[in-house]
Amino acid sequence: QVQLVESGGGLVQAGGSLRLSCAASGRTFTNYAMAWFRQAPGKEREFVATISGSGGSTDYRDSVKGRFTISRDNAKNTVYLQMNSLQPEDTGVYYCALTNRRAASSGSSWYDYWGQGTQVTVSS
């Protein structure tokens, strides 16, 4: 049974940084794309960042480009999201997702497994 467990969320002031982690278990992690999505209160879940199975390809939503970095450590079955220069509009529950495909995608339907989420709150 595949399990994704996020950690690293919390409360931070605007301009601060957080590093989210997502540990995968229950299947082979290497070679399969992963992503981060987020959901703010009263809003739909939205794409944040994705990374291909090899780690050689990444993509971000425009509003986080230059501030967020997605990476993966296949030896640890973990994907990370380094978030710098955080803004109040980055507030939400952050979810990691894993697909059975190697290519990365910004579409939520591409992903087969989801974590329970970790709360990120950025105060102004």
Side-chain angles (χ1 to χ4, degrees):
Q1 181 177 355
V2 175
Q3 188 173 21
L4 303 176
V5 179
E6 301 98 334
S7 62
L11 173 64
V12 64
Q13 289 187 333
S17 298
L18 285 174
R19 188 195 194 201
L20 305 184
S21 300
C22 174
S25 62
R27 61 159 288 172
T28 300
F29 171 86
T30 306
N31 292 327
Y32 297 103
M34 296 194 73
W36 288 94
F37 289 76
R38 67 188 181 190
Q39 187 167 19
K43 295 187 177 181
E44 293 187 354
R45 188 174 300 186
E46 64 183 18
F47 164 74
V48 176
T50 184
I51 186 167
S52 63
S54 68
S57 177
T58 59
D59 191 22
Y60 302 87
R61 71 179 298 106
D62 287 344
S63 64
V64 308
K65 286 180 180 178
R67 300 188 297 123
F68 290 12
T69 303
I70 188 171
S71 61
R72 64 189 297 158
D73 184 339
N74 286 340
K76 295 183 178 180
N77 281 3
T78 301
V79 65
Y80 304 97
L81 185 67
Q82 177 66 44
M83 305 187 294
N84 299 328
S85 302
L86 283 161
Q87 300 301 316
E89 52 266 34
D90 295 318
T91 294
V93 178
Y94 282 68
Y95 300 90
C96 72
L98 169 67
T99 180
N100 289 318
R101 307 167 181 86
R102 297 188 179 188
S105 172
S106 61
S108 60
S109 61
W110 189 254
Y111 297 90
D112 304 289
Y113 309 99
W114 294 81
Q116 293 300 306
T118 185
Q119 177 70 45
V120 171
T121 303
V122 185
S123 63
S124 57

Show me the pairs that pass disulfide bond (SG atoms under 2.5 Å apart) and involve residues 82-124, at least two apart or across chains. Cys22-Cys96

If you compare all heavy atoms of [X] against all heavy atoms of [Y], which two are closest, and at what distance to 0.1 Å?
X	Y	result
Gln119	Gly92	NE2-O, 3.5 Å
Met34	Ile70	O-CD1, 4.3 Å
Thr78	Ser21	CG2-CB, 4.3 Å
Trp110	Ala103	NE1-O, 2.8 Å
Trp114	Ser108	CZ2-O, 3.5 Å
Asp59	Phe47	O-CZ, 3.5 Å

Within the distance-only criterion (no hydrogens, no angle test), does the side chain of [X] pair as donor or acceptor with the backbone N or O of [Y] below 3.5 angstrom?
X	Y	value
Gln13	Ser123	no
Thr91	Val122	yes
Tyr111	Ala33	no
Arg45	Gln39	no
Ser57	Ser52	no
Gln87	Ser85	yes

Single-linkage hydrophobic cluster, 4.5 Å side-chain cutoff, [X] and [Y] together:
X	Y	answer
Val93	Val48	no
Leu11	Leu86	no
Phe37	Val64	no
Leu18	Leu4	yes
Val5	Leu98	no

So with a 6.0 Å cut-off around NZ of Lys65, is the heavy-atom count from everything else above 12? yes

Is it true that atom CD of Glu46 has more than 12 heavy atoms of other residues, nucleotides or ligands lying nearer than 6.0 Å? yes

Heavy-atom side-chain proximity of [X] to [Y] below 4.5 angstrom:
X	Y	result
Val79	Trp36	yes
Arg67	Met83	no
Leu20	Val120	yes
Gln82	Ser17	yes

Aromatic plane relationship, Tyr94 with Phe68 - under 30° parallel, 30 to 60° tilted, over 60° perpendicular: tilted

When rounded to the nearest 0.5 angstrom, what is the spacing between [atom1] in [X] and [atom2] in [Y]?
X	Y	atom1	atom2	answer
Asp90	Thr121	CG	OG1	11.0 Å
Leu81	Thr118	CG	OG1	11.0 Å
Tyr80	Thr69	OH	OG1	14.0 Å

Audit row: Asp112, Arg101, side-chain contact (heavy atoms from CB on, under 4.5 Å) steps and yes/no: CA-CA 9 Å; Asp112 304 289; Arg101 307 167 181 86; 3.8 Å; yes

